[in-house]
Structure formats: structure tokens, C-alpha cells
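Notes for the one structure printed next.
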Protein chains: 2
Amino acid sequence: MSMPPTPSMPASPPARSGRPDPYDRTRSSRGSESAFGPRLHSALQARGPLCVGIDPHPGLLGQWGLSDDADGLDRFATAVVTALAGEVAVLKPQSAFFERHGAAGIGVLERTIAGARAAGALVILDAKRGDLGSTVQGYADAYLRPGAPLAADALTVNAYLGFGSLRPFLDAAAGSGAGVFVVTLTSNPEGAEVQRAVTSSGRTVAGTLLAAVADHNASDPATGRRALGSVGAVVGATLDHAGEDLDCGGPLLVPGLGTQGGTAADVRRLFPGLLDRVVPSVSRSVLAAGPSAAALRAAALHQRDELLSALAAG
Amino acid sequence: MSMPPTPSMPASPPARSGRPDPYDRTRSSRGSESAFGPRLHSALQARGPLCVGIDPHPGLLGQWGLSDDADGLDRFATAVVTALAGEVAVLKPQSAFFERHGAAGIGVLERTIAGARAAGALVILDAKRGDLGSTVQGYADAYLRPGAPLAADALTVNAYLGFGSLRPFLDAAAGSGAGVFVVTLTSNPEGAEVQRAVTSSGRTVAGTLLAAVADHNASDPATGRRALGSVGAVVGATLDHAGEDLDCGGPLLVPGLGTQGGTAADVRRLFPGLLDRVVPSVSRSVLAAGPSAAALRAAALHQRDELLSALAAG
């Protein structure tokens with residue numbers, strides 16, 4: 001795989017809209033610069049509203065002319081980090097595609113996370129972990145503890161065992177300046193079976209989780225009322241409708257843009273009044289441009305600028 | 001850590017009750033010896049109804065006098081496999097406690113799974129994975145594909161994204177003779193928020209998932225109507241009541257026994273008529289007996305015999 005020389009890229013993205021910045025940390029009496037919410041907000045302001053997924057599935061490795069093994073995975077991830085970690089606000093490795101290759105794949109994941117963070121990107125590890133008690137503490141140790149081999153800036157988590165089961169994630173995040181994204185509403189039709197089921201409180205499961213996230217953020221002394229919370233939600237971009245109050249006080253990670261069908265218009269439609277806390281995530285429509293670093297950057301910056309226009313106009 | 005010599009152990013566990021064996025593979029016209037359900041049934045018959053969790057959390061490593069790093073993890077897991085993989089039907093490594101140690105920990109997990117299977121135990125990897133589409137396929141490749149570095153006999157999975165999202169797991173399992181355990185009802189009080197929510201069909205989320213598992217097993221040509229299905233459910237042992245039809249046609253993995261509060265009496269109470277498909281899982285009450293191999297074996301066989309009596313009497 002040949003990598004063309006790095007082209008000259010703009011040092012900073014275009015400024016976002018001129019509206020007052022509701023999450024300006026200088027306005028928060030209790031905001032902590034090291035908390036995830038404010039860090040994410042700053043990154044989105046500085047680099048524009050884009051998360052690029054690192055999803056090295058076998059088809060994509062093949063498209064890039066790489067072998068479906070840990071070596072191919074390493075080349076793929078290194079190319080993405082080299083091309084994008086200095087440019088985009090957030091990179092989101094998908095753990096499954098590293099786990100496919102066993103310990104060698106996890107070694108690549110360690111280097112991918114560390115390399116991306118060292119180059120200035122925030123890393124949300126998409127692993128959707130969830131369990132109970134000491135096991136959740138184990139996952140929190142693995143991904144949210146500073147100095148851990150796989151320490152990321154944030155982790156996606158699964159609340160099938162109840163929002164309360166996530167407590168060790170929330171505590172670890174609060175203690176280390178990390179973030180947590182709770183999967184709430186996904187775009188696949190079969191997701192509604194669980195996510196739209198009605199709890200004893202009369203709300204849906206997704207609505208209950210979103211409200212719990214909001215309560216958590218409202219009570220988090222590290223962010224306070226005016227700063228972006230450090231616990232967010234994952235909400236699919238291709239939902240017909242949200243049907244829930246998405247104002248959870250934290251960021252909204254929105255996968256499914258690009259090849260998966262979601263558009264900037266969907267983001268505007270689904271998140272009115274919340275566009276400044278949306279983290280739109282694209283994967284294949286950027287990754288398919290590789291392995292050329294210039295082409296990866298061009299694809300990412302094109303997506304970013306399109307989202308920047310669409311979200312700023314909201 | 002010193003390991004005492006292996007004591008002489010009974011070559012085979014006591015026979016279970018004299019009732020006709022409803023899952024005898026010779027009675028199934030379409031049963032496949034390589035399908036997980038029949039393999040699990042044979043293992044439970046031959047070795048008794050016990051799964052031991054391999055949960056090397058930091059507190060337990062400390063109790064064993066081991067360091068909280070990949071070397072301590074390796075010593076712990078090796079000791080458990082050496083002591084128990086030739087004796088108990090099922091071993092269940094908890095992935096979180098290996099992930100804590102990054103790639104080195106996953107290397108230990110590879111050796112743990114392979115070593116346990118080579119010694120004759122079935123391995124259910126407790127990882128509770130769940131996602132969508134190609135990502136679920138990635139997890140299926142990682143854990144259910146023969147020859148993968150982390151290939152196990154079965155995997156626990158999470159259906160927050162709907163039973164339909166699990167399709168790649170089910171297909172992979174059917175193709176490779178592996179098993180899948182869908183988390184349905186957990187013992188923690190906060191689990192009810194999601195698991196007891198009511199879907200549009202009027203059933204609970206857990207009931208909907210259990211019915212979907214039953215439908216899947218009923219239509220699986222590899223197991224057929226008379227063999228134990230290869231897709232099971234995870235149901236906590238310390239539930240006040242199940243409140244659902246647990247007859248899903250597959251095995252019921254029941255964690256929470258022993259130190260976590262569940263007893264053989266709970267198993268009898270919660271699973272009437274289904275005791276021959278229950279896989280009771282203990283962790284700390286066995287693991288706390290280590291690092292002595294003899295003590296680990298004695299603790300495991302004590303648990304097994306207690307369960308054998310309780311379940312056979314049902």
C-alpha cells in the first residue's frame with residue numbers, strides 16, 4: 001500500500017456560526033477543562049462537527065488491497081490515524097473489527113487509540129459494553145482508566161441491564177475526565193422491540209435512559225448546568241422520528257451518516273435545537289476513499305464542511 | 001504460586017436421575033453431533049450440571065497473591081484451567097477481566113479458551129456483545145468462527161438492538177456448531193426497567209426475546225424438535241420470580257449462584273420442568289478456594305454434587 005505525501009491542509013476548519021457559545025467553559029463556574037464534555041465541545045468547535053469511524057471490516061480491507069489479518073488491520077488503522085487524527089475532532093474505532101484478530105488485533109487497537117489521541121483527536125471506542133457490578137468495573141478499568149493499555153476518551157455502553165448497571169462506567173468517567181455514550185435509539189427496525197417498549201413509569205425504554213442521562217449530567221459537579229455533560233447518548237441518524245426528548249444534557253453520537261443512509265438533513269430534522277451537541281459519525285463514505293491519505297482527508301473534510309454548513313444553519 | 005500435585009479424582013461424575021433422557025441424540029432424526037445444544041447436553045450428562053466462571057477481578061488476583069497484570073492473569077487462568085477443565089462441563093471466562101489488561105490480557109484469553117477446550121470443557125465466553133449488521137458479523141467472526149484466535153463454544157450476547165440484530169450470531173453459530181446465549185432476565189433490581197418493559201405485542205422485552213429464542217430453536221434443522229437447541233438464554237439465579245415462559249427450547253445459563261446469593265433451591269424454584277437444560281454457573285465460591293488445584297477441584301465438585309442432587313430431585 002503506497003501512501004502519497006501529506007498534502008498541505010488548512011490548519012483550522014472554518015469557524016462555526018456566530019451564535020453565542022452555550023458551552024463556553026469560561027461561562028461555567030464549575031466546569032473542568034479535563035472533563036470529557038467540555039473537551040469534546042472544544043474539539044468540535046476547533047475542528048468541526050465530525051467523527052470518523054474506524055471500521056476495518058473484511059470487505060474494506062479487501063478494497064484497500066490489504067490482507068484480512070492483523071498486519072492488514074495495522075496498515076489500515078495506521079493509515080486512517082495518520083491521515084485523519086490531526087484533522088478531525090473525533091475518531092471512533094469499532095472494537096469488533098479489532099477483536100476479530102484476537103490479541104494481535106487488540107495490539108493494533110492499543111496503538112490506534114494511543115496514536116489518534118497523541119495526534120490530537122478524541123477517541124470514542126465503540127464497544128457497546130454492558131454487564132453488572134464488578135464486570136462493569138472491569139470494562140471501566142479497561143477503557144476509561146488513565147494509563148490502561150486501551151484507555152480511550154470515551155466508550156459506548158449498553159444498558160440492557162438497566163441504567164443503574166452503568167454506575168461503574170459513570171463513576172470512572174467522572175473520576176478520569178472520560179466520557180460515556182449510552183446506546184438509546186438505533187436506526188434498525190428491529191431495535192424498536194426493546195427501545196420503544198414501555199416501562200412501568202409509562203415512558204419508553206429509550207426515553208427512560210435519556211432521562212436518566214439528563215439527570216446524571218444535571219447532577220455532575222464536574223460539568224455543572226452550563227457545560228456540556230460528559231455522558232451522552234447514541235442515537236441513529238436514519239430514524240424516521242426520535243419521538244423522545246433528546247435533550248440529555250450531554251453529547252449525541254449519531255452514527256449512520258453517509259453510506260449507511262443518513263444525511264446532514266436527517267441530523268437537522270432529528271436534532272432541532274441540539275445541533276451544537278451532535279457528533280455526527282461517518283465511516284464507509286470516508287474510509288472507502290482510502291488508502292490514499294490525501295483522498296481520506298479530502299473525503300473527511302468534505303463531510304465535515306457539509307455538516308458544518310447544515311448544522312450551523314440550524 | 002505453588003501448585004500441589006493433582007489428586008486422584010473420580011473419572012466420571014455420578015449418574016443423573018434415571019428418567020428418560022429427552023435430549024438423547026439417538027432419538028433425534030436430524031440431530032447433529034457437532035451442534036452446540038447436543039454437545040452441551042452430553043457434557044452436562046457426562047460431567048454434571050456445572051459451569052465455573054473464570055472471573056479474575058483484581059480483588060481475586062490479590063487474594064491469590066498474584067499481581068494485577070497480565071502475568072498474574074495468566075497464572076490465575078492457567079491454574080483454573082489446569083484444575084477444572086478436565087472435570088467440569090463448562091468454563092465461562094468473563095471477557096472484561098481479560099480486556100482490563102489490553103492485548104496481553106487478550107493473549108491470556110486466547111490461551112485460556114484454547115486450553116480449556118483442549119482439556120475437554122466447553123467454553124462459553126461471557127462477553128455480552130451486541131451491535132448491528134457488519135459489526136455483529138465482526139463479533140461473530142471473533143468468537144464463533146472455527147479457527148479464530150478467540151473461538152469459543154458459545155458466546156453471551158446482548159439484544160438491546162432487537163433480537164433481529166443478533167442474526168449474524170445465529171447464522172454463525174448454526175454454521176459452525178457454536179452456541180449463543182441471549183441475556184434476557186438479570187437479577188439486579190435495575191434490570192427490570194428494560195427487561196420488564198412491555199413491547200407493542202403486549203409481552204415484556206424479556207418475554208419477547210425468550211419467545212424469539214424458542215422460535216429460532218424450533219426452526220433450526222441442526223437440532224430439530226427433540227434435541228436441545230443451540231441458542232439459549234441467560235437468566236439470573238436470584239430473581240424473585242421469572243414471570244416468563246423460560247421454555248425457550250435451548251439451554252438456560254444461570255449465573256449468580258454461590259457467593260452472589262443464588263442457591264440450588266433457587267434453581268429448582270425458578271426452573272420447574274426445565275432443570276435438565278439449566279447450566280448453573282458459579283464463580284467466586286469456587287475461585288476463592290484457589291490457587292490450590294486440589295482445593296479448586298474440591299470446591300467445584302462440591303458445588304456440582306450439590307446441584308446434581310438438587311436438580312435430579314426436581
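Here the structure is a predicted model, which is why all the values come from computation and not from measurement. In what follows, chains are A, B, ... by sequence order, proteins preceding strands, each numbered from 1.
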Hey, which of [options] has the most heavy atom pairs under 4.5 Å with chain B?
| options | answer |
| --- | --- |
| A:L150, A:V136, A:N158 | A:N158 |
| A:R196, A:K128, A:H101 | A:K128 |
| A:A142, A:G162, A:A197 | A:A197 |
| A:L132, A:D131, A:T208 | A:D131 |
| A:P149, A:G105, A:A151 | A:P149 |
| A:G102, A:A104, A:P58 | A:G102 |

Please confirm whether the backbone N or O of [Y] pairs with a side-chain atom of [X], one donor and one acceptor, at under 3.5 Å?
| X | Y | answer |
| --- | --- | --- |
| B:E99 | A:Y139 | no |
| A:E110 | B:A103 | yes |
| B:E193 | A:T199 | no |

B:Y160 OH to A:T184 OG1 distance, which is reported to the nearest 0.5 Å: 6.0 Å

Euclidean distance, B:L166 CG relative to A:E190 CD, rounded to 0.5 Å: 9.0 Å

Greatest number of heavy atom pairs closer than 4.5 Å to chain A - which of B:V108, B:V205, B:T156: B:V205

Residue selection (most heavy-atom pairs with chain A, distance under 4.5 Å) from B:P189, B:S165, B:A192, B:A148: B:S165

Part of [X] lying under 4.5 Å from any heavy atom of chain A:
| X | value |
| --- | --- |
| B:A212 | neither |
| B:R284 | side chain |
| B:L209 | side chain |
| B:L161 | both |
| B:T186 | side chain |
| B:Y143 | side chain |

Contact class of A:Q94 relative to chain B, heavy atoms under 4.5 angstrom: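 A:Q94 touches chain B through side-chain heavy atoms alone.
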
Proximity breakdown for A:A159 and chain B, heavy-atom pairs closer than 4.5 Å: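 Interface part for A:A159: backbone (N, CA, C, O).
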
Pairwise side-chain contact, A:R145 with B:R100, heavy-atom cut-off 4.5 Å (strictly under):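 Answer yes - side chains close enough.
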
Student check: side-chain heavy atoms of A:F97 and B:T135 closer than 4.5 Å: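 Yes. Closest side-chain heavy atoms under 4.5 Å.
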
